[in-house]
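Atoms within a ligand are numbered from 1 in the order they appear, just like the ligands themselves. Index from 1, following the sequence.
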Amino acid sequence: MNNELINIVSNTFSNAFGYQASHLLQAPGRVNLIGEHTDYNDGFVLPCAINFAAVVAASPRDDNLVRVISVDYNNAEDEFLIGANIEPSNQTWANYIRGVVKHLHLRGLEFSGADIVVSGNVPQGAGLSSSAALEVVIGMTFKSLYDLPLTSQEIALNAQQAENQFVGCNCGIMDQLISAQAEKDHALLIDCRSLHTTPVIIPNNWRILIVNSNKQRGLVDSEYNTRRLQCEQAAEFFGVKALRDVDIHEFNLRQAELNPVTAKRAKHIITENQRTLDAAEALKSSNMPVLQKLMAESHASMRDDFEITVTEIDVLVDIMKTEMGELGGVRMTGGGFGGCVVSILPANLVDRVVNAIDAQYTQQSQLTASVFICTAEQGAQVLSLSVR
Ligand code: ADP
Ligand code: MG
C-alpha cells in the first residue's frame, strides 16, 4: 500500500477543495519480463505490475466540471468541462487525464464532473509506464465515482485510445492492460491479438530487479517507426497479417529471399514470440535455468538482430549476468536505445547483484544506475477510505 502517496493526495484534496475526498484509487506501473516489440506484431508479452503506482483522491460533482490538481507538478491545476470537444491543454500531464475523460464520453457513457488530486511514484519517462498508470487510475476513478459499466479490458482500451489519439503516442495495449488487470504475485501472459490474458505465478522467493541505466533514450521514435515498417514488410513477404503467424521453420526456409536487415528484424520477432511462450512455462514451473537462458537469448536477439540496445545497456546486462550465472535471468526491457534492464532472481542474490552494479557500472559507462527492487502487484483498484 502506498501510504505516503495516499496521505499526500488525501491531504492535498481537503486543503485545496475544502472537503474530504470520497474515493481513493491506484493503478500501477509495469515492467515487461520478456516479449519485446512483439505487441505490434500481434504476438505475446509477459509483463507484471510493480509496487510503484499513480494514486488518486476524488469526489463526484453535480455539474460537468472536472478539476484536477497534480501534486507532482507543484500542485498545478487543470479545469475542463466534460464533452466531445475537450481540447488538448498546454500542460502535458493534463492531457493524459483529459484524453481519458474525452474517450469515456465518446463511448456514450453518462457521468458528470469530479474533483481529483493525483500523485505517483512510477519514475516518469523511464519506461515503467507512468503514463499508463495515470490513464488507468483516471479511468478507474470515473468508473467507481459513477458506477460505470466498464470492464478492466475496456478501461485499458480506453486508456490506450487516449494515449494514441489525444496525447499522440502510438503505443500498444500492453501497458494499459497490465496496469488494469494484473494479479498480485503474478506476471500476465498477454496475447496481443485476442487480448486473452493468462496469469502466471511468480515463485515467492524470487524478486524482480529493475535497473535504470540512466542512459538518455535517443532516436526512439524514428527507430521505432523503422522497426514497425520492417516488420510489416516481412509479414507482407510471408503473406500473413502479422509476424505472429510465421513460425521459425517457415522463416528458415524462405529467409534468404528477404533483404538481410529485414530478415534479422523478422527473426527477432519470430523467436521472441516463442521465447515469451516458453518463458511463461518456465516461470510457472519455477525453472530458473530455462528462464535465465530465454532471457539471455532475448537480450542477444535485441542486440544482434533487432539492434535496439546500446553499449551502456549491454555493459549493465553483462555485469549482472556474470554475477548471477544460471541463478537468475537478465535482459533489457522496453523499447530500447537506453532505459531499463530487468532481472528475475532469487531474493538471496539481490544484494550481491546490486553490489556488482555499484562496483562496476559507473566505472565502465560513466553513468550511475538506479535500482528498484520490485514485487508483482495487483492492477488498478479502489482503496478503502479507512487506510487514511
Ligand atoms: P513512461 O510512461 O515511460 O513513464 P511517458 O513519456 O509515456 O513515460 O509518460 C510520462 C508522462 O506522463 C509525464 O511526462 C507526465 O506528463 C505524465 N505523468 C506520468 N505520471 C504522472 C503523474 N504522477 N502526475 C502527472 N503526470 C504524470
Ligand atoms: Mg508511457
Proximal candidate to atom 4 (O) of ligand 1 [heavy atom criterion; set Gly339, Ala133, Ala54, Ser130] = Ser130
Are Pro123 and ligand 1 in contact, using a heavy-atom cut-off of under 4.0 Å?
-> yes
Consider ligand 1: state whether an atom of it lies below 4.0 angstrom from any non-hydrogen atom of Asp72.
-> yes
Whether Tyr40 and Tyr224 hold their rings parallel, tilted or perpendicular, with breakpoints at 30° and 60° | perpendicular
Parallel, tilted or perpendicular for Phe372 and Phe52, by the 30°/60° rule?
-> perpendicular
List the closest protein heavy-atom neighbour of [atom]: residue, atom name, distance to the nearest 0.1 Å.
{"atom": "atom 9 (O) of ligand 1", "result": "Ser131 CB, 3.3 Å"}
{"atom": "atom 21 (C) of ligand 1", "result": "Gln124 NE2, 3.2 Å"}
{"atom": "atom 3 (O) of ligand 1", "result": "Gly127 N, 3.2 Å"}
{"atom": "atom 6 (O) of ligand 1", "result": "Tyr96 OH, 4.3 Å"}
{"atom": "atom 26 (N) of ligand 1", "result": "Trp93 CB, 3.3 Å"}
{"atom": "atom 25 (C) of ligand 1", "result": "Tyr73 CE1, 3.5 Å"}

Would you call Ser286 and Leu291 a side-chain contact if the rule is heavy atoms closer than 4.5 Å?
-> no
Scan for side chain to side chain donor-acceptor pair (under 3.5 Å) pairs involving residues 295-305, sequence neighbours excluded, and state none if there are none.
-> His268-Ser301, Glu272-Ser298, Arg275-Ser301, Lys293-Glu297, Ser298-Arg331, His299-Asp314
Between Glu135 and the options Gln160, Gln161, Gln176, the side-chain hydrogen bond (donor to acceptor under 3.5 Å, both in side chains) test singles out Gln176
Using distance alone, decide if ligand 1 has a nitrogen or oxygen within less than 3.5 Å of any nitrogen or oxygen in Gly125.
-> yes
Report yes or no: do Arg107 and Asn158 form a side-chain donor-acceptor pair below 3.5 Å?
-> yes
